[in-house]
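Below: the structure, in structure tokens.
Protein chains get the first letters and strands the later ones, always in sequence-line order, with residue 1 at the start of each. Quick note: numbers below take in every heavy atom, side chains included, and nothing from hydrogens, waters or symmetry partners.
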Protein chains: 2
Amino acid sequence: MNSQGRVPAGKPVQLDDVSKKIIEQLQSDGRRSYAEIGKAVGLSEAAVRQRVQKLTEAGVMQVVAVTDPMQLGFYRQAMIGIRATGDTRVLADQLAAIPAVDYVVLTAGSFDILAEVVCEDDDELLTLLNLKIRNLEGVASTETFVYLKLHKQLYNWGTR
Amino acid sequence: MNSQGRVPAGKPVQLDDVSKKIIEQLQSDGRRSYAEIGKAVGLSEAAVRQRVQKLTEAGVMQVVAVTDPMQLGFYRQAMIGIRATGDTRVLADQLAAIPAVDYVVLTAGSFDILAEVVCEDDDELLTLLNLKIRNLEGVASTETFVYLKLHKQLYNWGTR
DNA sequence: AGTGAAACGACCGTAGA
DNA sequence: TCTACGGTCGTTTCACT
């Protein structure tokens, strides 16, 4: 069970080179078999499986399907910078509850919150902005950055 | 092979409910077996396998490992808003080539480019900003939004 | 933490509706 | 595009190191 957000995190984990290699293997193909990964990293299948299980339980890594919004008919994406009053965490919760909002981060800088939204078209984006987001209590002002082209999107944070 | 970015995209695909359910299954666990998914969606193992293959080839979906930067020792993340001169695509290419940059999008608005960076600490972030990003030709000015708390992060764009 | 082996289950290709 | 089926390979469990 795990479609939303990042895992709460278990214990801090120190990764050796072998675990990093295992993660790299799964980053290029999440369905690669443990046996095949084992050959690539020089470990038995069972050992690979144990490590993957631990890494997953610890919240270091998870294997999931990621989808392309464009291919699914969501042609408008945007990042919305929000200047807020009051507790930004409360506001962030409300934003996160909106289905079209797929990313919320609290920031330091001229915005307090950055929220990424995925919409079918400009109409939906406008409605979302004017009737939902800007109506939330604690939203002082917003600035919208409509996506023209998604240029790079990495999922392999951290191993680089 | 596919660790970087979004697939160039094949043909536009119209998804029926069954395919959407298959994607949902894989979004909650990318290693769930085709047989098990078949039971859940009422299809044979072979049929599920065929659909997953097509969805993957079409670039609608991919199964990959995603990792948590924090757990891997990258304690500083930030979004960098960039105002640019000249061709933003050229600049975006240069940004994308920097390993610490995991996300680059060309936008309309008061920034021309948004780039997310993953760093080990403030030192690395400072170096990155001052010596790499702000030195790139075509960067007029930048604004940095240091992440205080990542609040929501969805990978299941598009099915909602 | 790791290996190896045997039973089981998943995966893959092909044939056929 | 789906089901059915058989061969192959991956996974699981367990005893052992």
Side-chain angles (χ1 to χ4, degrees), chain A residues 1-3 7 9-68 71-73 155-156 158-159, chain B residues 1-3 7 9-68 71-73 158-159:
Chain A
M1 195 64 59
N2 194 356
S3 70
V7 176
K11 299 137 197 172
V13 180
Q14 190 50 39
L15 296 187
D16 59 12
D17 289 347
V18 176
S19 288
K20 284 182 187 166
K21 280 184 193 169
I22 291 173
I23 293 175
E24 278 164 25
Q25 293 279 322
L26 288 170
Q27 277 168 339
S28 62
D29 179 3
R31 288 220 140 235
R32 191 161 293 167
S33 77
Y34 297 136
E36 202 179 337
I37 296 170
K39 275 179 223 157
V41 306
L43 227 57
S44 73
E45 180 276 330
V48 173
R49 188 156 34 83
Q50 277 174 203
R51 280 179 181 244
V52 169
Q53 196 180 333
K54 289 206 174 162
L55 290 169
T56 305
E57 281 167 1
V60 174
M61 183 203 85
Q62 55 185 130
V63 176
V64 293
V66 297
T67 51
D68 180 353
Q71 292 269 1
L72 295 171
Y155 305 109
N156 48 336
T159 51
Chain B
M1 197 63 60
N2 193 356
S3 71
V7 177
K11 298 136 196 171
V13 180
Q14 190 49 40
L15 296 186
D16 59 11
D17 289 347
V18 176
S19 288
K20 282 182 188 166
K21 279 184 193 168
I22 292 174
I23 292 176
E24 277 164 24
Q25 293 278 324
L26 288 170
Q27 277 169 339
S28 63
D29 179 3
R31 289 196 75 89
R32 192 163 292 169
S33 77
Y34 297 137
E36 202 180 338
I37 296 170
K39 276 179 223 159
V41 307
L43 228 57
S44 71
E45 178 272 330
V48 173
R49 187 157 34 89
Q50 282 170 192
R51 280 178 182 247
V52 169
Q53 195 182 334
K54 289 206 173 161
L55 290 169
T56 305
E57 281 168 1
V60 174
M61 184 201 83
Q62 56 183 130
V63 176
V64 293
V66 297
T67 51
D68 180 351
Q71 292 269 1
L72 295 172
T159 51

Counting any heavy atom closer than 4.0 Å, what does B:Ser44 reach on the DNA or RNA strands: base, sugar-phosphate only, or nothing?
base
Rounding to a whole Å, what distance do you find between B:Ile37:CD1 and D:dC2:C1'?
17 Å
Reckon A:Arg49 has a side-chain N or O less than 4.0 Å from the OP1 or OP2 of D:dG10?
no
Per the side chain to side chain donor-acceptor pair (under 3.5 Å) rule, which among A:Arg51, A:Arg49, A:Gln50, A:Glu57 passes with A:Gln53?
A:Glu57
Closest contact, heavy atoms only, B:Val64 versus A:Gln27:
CG1-O, 3.4 Å
If you define the side chain from C-beta out and look only at heavy atoms, does anything of A:Met61 sit under 4.5 Å from A:Thr56?
yes
Nucleotide D:dT12, atom P - distance to OH of A:Tyr34 in whole Å
7 Å
Round to the nearest Å and state the distance from A:Leu43 atom CG to D:dG10 atom C1'.
16 Å
Separation of A:Glu45 atom CD from D:dT12 atom P, in whole Å?
7 Å
Which two nucleotides bound the region of DNA chain C that has atoms under 4.0 Å from heavy atoms of chain A, read 5' to 3'?
C:dA1 to C:dC11
Heavy-atom closest pair, residues A:Gln25 and A:Ala40
NE2-CB, 3.5 Å
Using whole Å, report how far NZ of B:Lys39 lies from C1' of D:dT3.
17 Å
Please name the pair of heavy atoms, one in A:Ile23 and one in B:Ala65, separated by the smallest distance, quoted to 0.1 Å.
O-CB, 4.4 Å
What is the distance, rounded to the nearest whole Å, between atom CG of B:Leu55 and atom P of D:dT1?
11 Å
The residue, A:Glu36 or A:Ala46, whose nearest nucleotide of DNA chain D is more 5′ is A:Glu36
Side-chain donor or acceptor of B:Arg31 paired with backbone N/O of A:Arg32 under 3.5 Å:
yes
